Amino acid sequence: MGGTMRLTAEGVAAGSAPSLALMPEVFPGLAAAEAPWRDLEAAPGVVMTPYQRFAWVRAYASTLLDGARPCPVLLRDPAGRPQALLPLCVRREAGIRVARMIGGRHANYHMPIFAGPDAASLPAEAYGRALRRAGALAGIDAIHLADQPRLWNGVANPLAQGPASPSDGYGLALEADPDAVLKRCLSGDARRKLRQKEKWLVAAHGPVAHRVAADGAEGGAILSAYLAQKAVRFARAGISDPFADPAARLFLDEACRAGALELHALQTESGRILATFVGAVDARRFSGMLTSFDPDPALARFSPGDLLLQALIRDQSLRGRTALDLGVGEARYKASVCDETISLVDAVLPVSLRGRAFGAAAEAGARLKRRIKRDPRLWALVGRVRKAMARPA
């Protein structure tokens, strides 16, 4: 496996030395874990993604858990100091009790919250043993930690042990000077073309502006535009719309109200929203969750999505954020601007014998998905099948 150490059922990689014992504490729900969770979030050196913020997770859990039981796990060192927190939930799948990070496919990354780089540098086997103990306490057969970044903000993730995820994430380092960032991520020719397209767009539709939702009304308008625009795109591509479920829409509303999401739009003076960008955010990073553009073919030549992305990069740099990422999955617009590939791992920690069987099946599934997504012919075939299945009978 490329020399990487696996989180084994025994908890210690072959030949490794004994490591410190982390003490697990399993909480009966999110509310019980809120105080230590928020303390970790506020720690000066915390290592975490925006998708594990308490506000984001609570919004998701209040609408979309659907039968799963939240059981956040806090891991402490022998002195009682919190080192990591995993916002897990447990669901029975084909008779096997599987724990996953709360967030499902709406979260791009499922990394634990580490108290700091020192906590993240603790041995993987120490985390493996502690999580097996937590799993036994909570009646879990397997802990499935999908989409674990190998590195986050330059810090190695000790739980990123296993086969590569089917797709990678794409990121961009920001700096205080937005023009310097744009020069680094876009060629001179690309910037000139965008300036020309913006001129053509203004000539055709009047002045346009980059808007950031400042209140619930603006946020609601951007979300409504996103949902309408994306529904058309999903239908044309033969992809199931994840926001057709009213609970998923409610999640977005709840996350916006909690301040866990930031909403951006490219908008005309008349109020028409030409493109949207929605991200999960913290003080340092904007992590792209959702993006869309008006499906009107007459607008395509103006590339409103690309114009909004350029404005977003400028805005985030001026705000002092140090990183922006465009989420998981391959797309032209991501490759065109991002200078970082966020390599991801699907890790499974078996707790019981049934959990070992689940782990073997999950690993095989991850490998197959990655092979399909990385083979242009197979992925094109998947697209054709989706479109065929989406056509009315």
Side-chain angles (χ1 to χ4, degrees), residues 38 40-57 59 107-109 111 113 149 151-155 169-186 190-191 194-195 198 207-223 225-226 252 255-267 273-293 304-327 333-334 336-340 342:
R38 290 194 183 275
L40 272 180
E41 279 190 42
V46 65
V47 179
M48 65 180 294
T49 91
Y51 299 98
Q52 283 73 56
R53 287 181 60 196
F54 185 82
W56 195 99
V57 172
N108 280 297
Y109 314 106
M111 197 174 79
I113 304 169
L151 289 171
W152 192 256
N153 294 333
V155 178
Y170 296 86
L172 176 67
L174 302 178
E175 52 188 286
D177 182 356
D179 290 324
V181 178
L182 290 169
K183 286 178 182 178
R184 173 162 48 85
C185 69
L186 294 172
R191 297 196 305 277
L194 285 175
R195 286 195 295 269
E198 185 172 7
V208 295
H210 167 222
R211 303 288 188 195
V212 184
D215 54 35
E218 289 184 351
I222 293 174
L223 279 181
Y226 166 80
L252 294 180
C256 289
R257 280 194 287 269
L261 298 182
E262 195 172 277
L263 299 96
H264 296 251
L266 186 69
Q267 187 173 326
I273 293 177
L274 306 180
T276 71
F277 226 112
V278 180
V281 294
D282 58 27
R284 299 179 60 187
R285 177 180 290 261
F286 179 99
S287 184
M289 269 180 63
L290 313 168
T291 186
S292 69
F293 52 86
D306 290 341
L307 291 173
L308 177 56
L309 178 55
Q310 179 181 237
L312 174 68
I313 292 170
R314 180 176 294 278
D315 172 81
Q316 297 300 303
S317 294
L318 290 172
R319 288 188 189 207
R321 288 195 169 118
T322 58
L324 176 148
D325 72 74
L326 300 179
Y333 78 96
K334 297 180 184 182
S336 68
V337 301
C338 291
D339 58 7
E340 176 193 8
I342 303 172

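None of these values were measured; they are calculated from a predicted model.
E340 is not listed as a side-chain neighbour of L151, based on a closest heavy-atom distance of 4.5 Å or more. Side-chain atoms of T49 and S287, non-hydrogen and from C-beta on, never get closer than 4.5 Å to each other. Here the side chains of F293 and D306 are not in contact, with every heavy-atom distance at 4.5 Å or above. Residues H264 and I222 fail the side-chain proximity criterion, which asks for heavy atoms closer than 4.5 Å. With a 4.5 Å cut-off on side-chain heavy atoms, V181 and L324 do not count as touching. In this structure, the side chains of L252 and L290 come closer than 4.5 Å at one or more pairs of heavy atoms.
A pairwise comparison of heavy atoms in P304 and A275 identifies O-CB, 3.7 Å as the closest pair. Listed here is the closest heavy atom pair of G171 and C338: O-CB, 3.2 Å. Heavy atoms only, all atoms of each residue included: V281 and G259 are closest at CG2-O, 4.3 Å. Contact detail for W152 and D325: the closest heavy-atom pair is CH2-OD2, 3.9 Å. Closest of all the heavy-atom pairs between P149 and I342 is CB-CG2, 4.1 Å. Across S292 and A225, no two heavy atoms sit closer than the pair OG-O, 4.4 Å.
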side-chain contact (heavy atoms from CB on, under 4.5 Å) evaluation trace for V212 with E262 = CA-CA 7 Å; V212 184; E262 195 172 277; 4.2 Å; yes
query = Does the side-chain contact (heavy atoms from CB on, under 4.5 Å) test come out yes or no for R285 and N153, once each step is laid out?
reply = CA-CA 10 Å; R285 177 180 290 261; N153 294 333; 2.9 Å; yes
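Judged purely by distance below 3.5 Å, without hydrogens or angles, the side chains of E218 and Q267 never pair a donor atom with an acceptor atom.
In this structure, N108 contributes its side chain and G288 its backbone to a donor-acceptor pair below 3.5 Å. Under a 3.5 Å cut-off, the side chain of K334 and the backbone N or O of Y170 do not form any donor-acceptor pair. In this structure a side-chain-to-backbone donor-acceptor pair under 3.5 Å is missing from T276 to T291. Checking side-chain atoms of E175 against main-chain N and O of A180 turns up no donor-acceptor pair under 3.5 Å. Of the possible donor and acceptor atoms, none in the side chain of R211 sits under 3.5 Å from a partner among the backbone N and O of I273. The main-chain N or O of A255 is never found under 3.5 Å from a side-chain atom of W56 such that the two would form a donor-acceptor pair. Remark: the backbone N or O of Y109 is paired with a side-chain donor or acceptor of Q52 at under 3.5 angstrom. Remark: side-chain polar atoms of R53 are not paired, donor with acceptor, to backbone N or O of D282 under 3.5 angstrom.
By the ring-ring contact (aromatic ring centres under 6.0 Å, His included) test, Y226 pairs with F243, sequence neighbours left out. Remark: F277 engages no residue in a ring-ring contact (aromatic ring centres under 6.0 Å, His included) (not counting sequence neighbours).
Between atom CZ of residue R184 and atom CG of residue L172 there is a gap of 5.5 Å, rounded to the nearest 0.5 Å. Note: L312 CG to L266 CG = 11.5 Å, rounded to the nearest 0.5 Å. In this structure, CG on L307 lies 9.0 Å from CG on L274, to the nearest 0.5 angstrom. Annotation: the span from L318 atom CG to I313 atom CD1 amounts to 12.0 Å, rounded to 0.5 Å. Note: F286 CZ to T322 OG1 = 14.0 Å, rounded to the nearest 0.5 Å. One distance of note links CG of L261 with CG of L223; it measures 7.5 Å at 0.5 Å rounding.
Remark: D179 does not engage K183 in a salt bridge, criterion side-chain N to carboxylate O under 4.0 Å.
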